[in-house]
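Model, not experiment: these values are computed from the prediction. All chains are named by letter (A, B, ...) in the order of the sequence lines, taking the proteins before the strands, and each is independently numbered beginning at 1.
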Amino acid sequence: MKSEPDAYSIDDLARDGVEPWDGIRNYQARNLMRDEMSVGDRVLFYHSNAKPPGVVGIAEIASSAYPDPTQFDPDSAYFDDSSSPDDPRWLLVDVRYVSHLERIVGLPEIKDDPALADMVLVKRSRLSVQPVSAEEFDHIVALGGSVA
DNA sequence: GCCAACGTTGGC
DNA sequence: GCCAACGTTGGC
């Protein structure tokens, strides 16, 4: 899962513990949260639009998908007036902090690693929630160093 | 700041 | 249903 650290960083998640992952406004990302995530699933936390961009930590899914309240809030940047409470268009999941990696695994390193060539991040980078295989997950954690 | 790659919108 | 115009993402 990607986040711009200026908006919400791994340090913010470490401080907050659990955070509703609001603001996802992409159908593919929504469907992944709805259909492919279970409580306890591990998450790679990725800093996008960062210097450097890369995987910075580990989180886990702390809830199943439920309606994102910001879509109904006219004062929110994520407000969507074509969504109704009867039939919510946008969902979110709660995300819980697990750990930082010992070092950032940067995007260039990921792109250059043959074991990671099939990652969605490499093949189709512009998606804020992406599936990661168990092998890819373990490989990146091994590169970055697991703190726990 | 630039721009490539997508995703969405809306006229027809 | 097609597709042009437009908006967003995010690396560089």
Side-chain angles (χ1 to χ4, degrees), chain A residues 1-16 18-37 41-133 135-145:
Chain A
M1 299 177 87
K2 296 184 187 178
S3 185
E4 302 191 14
D6 288 347
Y8 197 81
S9 72
I10 185 73
D11 294 332
D12 294 324
L13 185 63
R15 178 199 64 212
D16 295 338
V18 177
E19 177 74 4
W21 208 253
D22 60 20
I24 301 293
R25 294 296 181 266
N26 172 282
Y27 290 107
Q28 229 178 318
R30 180 202 67 184
N31 294 348
L32 286 165
M33 291 193 293
R34 185 188 60 197
D35 302 332
E36 304 294 335
M37 288 184 175
D41 282 355
R42 293 279 153 142
V43 173
L44 295 176
F45 196 110
Y46 179 90
H47 278 174
S48 63
N49 249 321
K51 291 173 187 171
V55 177
V56 293
I58 300 171
E60 68 180 13
I61 301 303
S63 79
S64 53
Y66 62 96
D68 181 343
T70 63
Q71 70 195 302
F72 306 125
D73 177 3
D75 296 327
S76 169
Y78 302 123
F79 178 62
D80 182 349
D81 66 357
S82 61
S83 182
S84 80
D86 295 340
D87 185 20
R89 177 172 300 181
W90 304 114
L91 304 173
L92 58 72
V93 294
D94 292 343
V95 174
R96 177 182 294 115
Y97 176 77
V98 173
S99 68
H100 283 59
L101 296 183
E102 289 175 9
R103 67 172 182 89
I104 296 173
V105 179
L107 183 59
E109 181 179 358
I110 292 171
K111 282 180 169 173
D112 285 345
D113 192 325
L116 303 175
D118 288 333
M119 281 192 79
V120 177
L121 185 68
V122 175
K123 303 197 125 178
R124 233 207 83 210
S125 66
R126 237 170 271 95
L127 189 62
S128 62
V129 177
Q130 315 184 345
V132 176
S133 76
E135 291 76 14
E136 291 160 352
F137 186 97
D138 291 343
H139 191 83
I140 285 180
V141 172
L143 287 174

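For the pair A:N26 CG and B:dC6 C1', the computed distance is 10 Å after rounding to whole Å. In this structure, the CG atom of A:D112 is 14 Å from the C1' atom of C:dG11, given to the nearest Å. For A:M1 and C:dG10, the CE to P distance is 13 Å, given to the nearest whole Å. If you take CG of A:N49 and C1' of B:dG1, they are 13 Å apart, rounded to a whole angstrom. What separates NZ of A:K51 from P of B:dG1 is a distance of 12 Å, to the nearest Å. In this structure, the CG atom of A:L127 is 13 Å from the P atom of C:dG11, given to the nearest Å. The CG atom of A:L121 sits 16 Å away from the P atom of B:dA5 (whole-angstrom rounding). Regarding A:E4, its CD atom lies at a distance of 7 Å from the P atom of C:dG10, rounded to whole Å.
Picking from C:dC12, C:dT9, B:dG7 the nucleotide with the shortest atom distance to the side chain of A:K111 gives C:dC12. Side chain of A:R126, nearest nucleotide from B:dA4, B:dG7, C:dG11: B:dA4.
Within the structure, every side-chain polar atom (N or O) of A:Y27 is placed at least 4.0 Å from both OP1 and OP2 of B:dC6. For A:K2 and C:dT9, the shortest distance from a side-chain N or O to OP1 or OP2 is not below 4.0 Å. Of the side-chain N and O atoms in A:R124, one or more sit less than 4.0 angstrom from OP1 or OP2 of B:dG7.
With A:S99 as reference, A:I58 is the one residue of A:I10, A:V141, A:I58 to meet the side chain to side chain contact (heavy atoms under 4.5 Å, CB included) rule.
Of the N and O atoms on the side chains of A:T70 and A:D68, at least one donor lies less than 3.5 Å from an acceptor on the other residue.
Counting any heavy atom pair closer than 4.0 Å across all strands shown, A:Q28 reaches sugar-phosphate atoms only and no base atom.
A:W90 and A:Y27 have their aromatic ring centers within a separation under 6.0 angstrom.
No side-chain heavy atom of A:V129 sits under 4.5 Å from any side-chain heavy atom of A:N26.
Within a 6.0 Å sphere centred on OH of A:Y78, other residues, nucleotides and ligands contribute 12 heavy atoms or fewer.
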